[in-house]
Asks: 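This is the structure I want to talk about, given as structure tokens.
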Amino acid sequence: MELRHLNAFIAVAEELHFGRAAQRLQMAQPPLSQQVRRLEKELGVQLFERNTRSVRLTTAGRSFLEPARTVLQDLDQARRAAKAAGRGEYGRVTVGFAGASSHETLPGLTRALRAAHPGIELVLEGQTYANIALARVADGSLDLGFVRLPVTQPGVATRVVGEEELVCALPLDHPLADRDTIPAGALKEEPFVSFPANAGSSLRDATFRTCEDAGFTPRVVQEAPDSYTILALVAAGVGVTLTLTSCQHVQQTGLVYRPLTGSPVRLHAALAWRKDNPSATLQTVLAVADRVLPTPTHR
């Protein structure tokens, strides 16, 4: 069944006049009549009752009219969707992020994208540690990831969207909680709560580097899969942890945050994507991110 035959049928059905239908379709009447006859032959039914004075739809014609209109409407919608996707106005982008540390960045991006491009769906995959998110961007299973610098994977582009510092989180009744700042070395004998060793957490890596620079390896007594759980365990007195300034919005009863003494230990949050990702939709998301998540000027 050819689409031109459906167009011909609908025009005649709506005009109930072959001459006017031909004018509407900007074609001669004989070819129009031929297309209708071919459609009737293909369907095996008569769609119109014709005589020299009038044209009327048969019962079969009336039954066929709405489905034919639906086919053409669906085709038009498909065409518009394809064109919108080609312009980056429609489609899906998968995004990997870690829960607590994305508190300040992800909501602004999702709100701005919904407002500017409602045809784009962000498929959000939470609790994706920075190193794992980076690996998945590199292998193509994620379009976009919130990661930490440095990034060494070939073919992956990044843009910094935030700068954070390590701070110490500890129970309110801890002896060190009375200090304004805490030297990393003062945590040498403390039990630590941390992300799992095999989770690919850049925060765990930074914690171990900071402690080792202070002359000790942290003694991890309990691991947890996310910052919310880690901070709840700290508030319960299980141990201390090093976390990020972006996580200080988590206000647990019995929990305090204190800066580390000395030069700040900074981590840069970045967006990462494959340079060869052909998605126009991804480029639209990146353009929105450029506007709502600008690169910090004080790096």
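Numbers for residues simply follow the sequence, beginning at 1.
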Asks: If you measure from CG on Leu187 to SG on Cys168, what distance do you get to the nearest 0.5 Å?
Replies: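 Going from CG on Leu187 over to SG on Cys168, the span is 4.5 Å.
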
Asks: Under a 4.0 Å N-O cut-off, is there an ion pair linking Arg219 with Glu190?
Replies: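 Salt bridge between Arg219 and Glu190, a charged N being under 4.0 Å from a carboxylate O: no.
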
Asks: Kindly say whether Ser246 contributes a backbone atom to a donor-acceptor pair with the side chain of His249 at under 3.5 angstrom?
Replies: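 Yes; judged by distance alone, with no hydrogens or angles, the pair exists.
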
Asks: Are the side chain of Ser201 and the backbone N or O of Ala197 linked by a donor-acceptor pair below 3.5 Å?
Replies: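 Not at all, since once roles are kept as given, no pair shorter than 3.5 Å links the two residues.
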
Asks: Which ring-ring contact (aromatic ring centres under 6.0 Å, His included) pairs, counting each pair once, include a residue from residues 1-40, with sequence neighbours left out?
Replies: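 Every pair satisfying ring-ring contact (aromatic ring centres under 6.0 Å, His included) with a residue in residues 1-40: Phe9-Phe48, Phe9-Phe64.
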
Asks: To the nearest 0.5 Å, what is the distance between CD (Glu212) and CZ (Arg209)?
Replies: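 Result: 9.5 Å between the selected atoms.
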
Asks: Just verifying a value: how many Å separate Leu271 CG and Thr105 OG1, rounded to the nearest 0.5 Å?
Replies: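 Taking CG in Leu271 and OG1 in Thr105, the distance rounds to 8.0 Å.
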
Asks: For the CG atom of Leu203 and the SG atom of Cys247, what is their distance to the nearest 0.5 Å?
Replies: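 Rounded to the nearest 0.5 Å, the CG-SG separation comes to 7.0 Å.
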
Asks: Between OG1 of Thr110 and CG of Leu124, what distance do you get to the nearest 0.5 Å?
Replies: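 It is 7.0 Å, given to the nearest 0.5 Å.
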
Asks: Keeping the roles fixed (side chain from Gln251, backbone from Gln248), state whether a donor-acceptor pair exists under 3.5 Å.
Replies: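 A pair under 3.5 Å: yes.
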
Asks: For Val71 and Leu3, which heavy atoms make the closest approach, and how far apart are they?
Replies: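 Of all heavy-atom pairs spanning Val71 and Leu3, the closest is CG1-CD2, 4.5 Å.
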
Asks: Could you check Val240 against Phe192 for side-chain contact (heavy atoms from CB on, under 4.5 Å), going step by step and ending with a plain yes or no?
Replies: CA-CA 5 Å; Val240 303; Phe192 273 72; 4.1 Å; yes

Asks: Quick check for you: to the nearest 0.5 Å, what is the distance between Leu72 atom CG and Ile10 atom CD1?
Replies: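 Separation between the atoms: 4.0 Å.
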
Asks: Is Glu49 salt-bridged to Arg62, going by a charged N under 4.0 Å from an acidic O?
Replies: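 Judged by the 4.0 Å cut-off on N to carboxylate O distance, Glu49 and Arg62 do not form a salt bridge.
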
Asks: Mark yes or no for whether Thr241, through its side chain, and Ser194, through its backbone, hold a donor-acceptor pair below 3.5 Å.
Replies: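 Absent.
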
Asks: Check the surroundings of atom CZ in Arg159: do more than 12 heavy atoms from other residues, nucleotides or ligands lie under 6.0 Å from it?
Replies: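 Yes - once you tally the heavy atoms of other residues, nucleotides and ligands closer than 6.0 Å, there are more than 12.
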
Asks: Regarding Glu2 and Arg38, does a basic nitrogen lie under 4.0 Å from an acidic carboxylate oxygen?
Replies: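 Looking at Arg38 together with Glu2, the answer is no, because their closest N to O distance does not fall below 4.0 Å.
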
Asks: Hey, are Glu14 and Arg69 close enough for a salt bridge, meaning a charged N less than 4.0 Å from a carboxylate O?
Replies: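 Between Arg69 and Glu14 there is a salt bridge, with a charged N closer than 4.0 Å to a carboxylate O.
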
Asks: Look only at the side chain of Thr58 and the backbone of Gln46, and say whether a donor-acceptor pair between them is shorter than 3.5 Å.
Replies: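 Such a contact is found between Thr58 side chain and Gln46 backbone.
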
Asks: For atom CG of Asp276, decide whether the heavy atoms of other residues, nucleotides or ligands shown that lie under 6.0 angstrom number more than 12.
Replies: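 Yes, CG of Asp276 has more than 12 neighbouring heavy atoms, counting only those of other groups under 6.0 Å.
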
Asks: Taking Thr295 for the side chain and Val160 for the main chain, is one N or O donor matched with an acceptor at less than 3.5 Å?
Replies: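 Side chain of Thr295 to backbone of Val160: a pair is present.
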
Asks: Among Thr243, Val265, Leu242, exactly one meets side-chain contact (heavy atoms from CB on, under 4.5 Å) together with Thr207. Which residue is that?
Replies: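 Checked Thr243, Val265, Leu242 against Thr207; only one passes side-chain contact (heavy atoms from CB on, under 4.5 Å): Leu242.
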
Asks: When you measure from the side chain of Arg258 to the backbone N and O of Ile182, does any donor-acceptor pair fall under 3.5 Å?
Replies: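 Absent.
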
Asks: Please say which of Glu163, Arg148, Glu164 ends up in a side-chain contact (heavy atoms from CB on, under 4.5 Å) with His268.
Replies: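 Only one option passes, and that is Glu163.
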
Asks: Which heavy-atom pair separates Val161 from Leu293 by the least distance, and what is that distance?
Replies: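 Here Val161 and Leu293 meet closest at CG1-O, 3.7 Å.
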
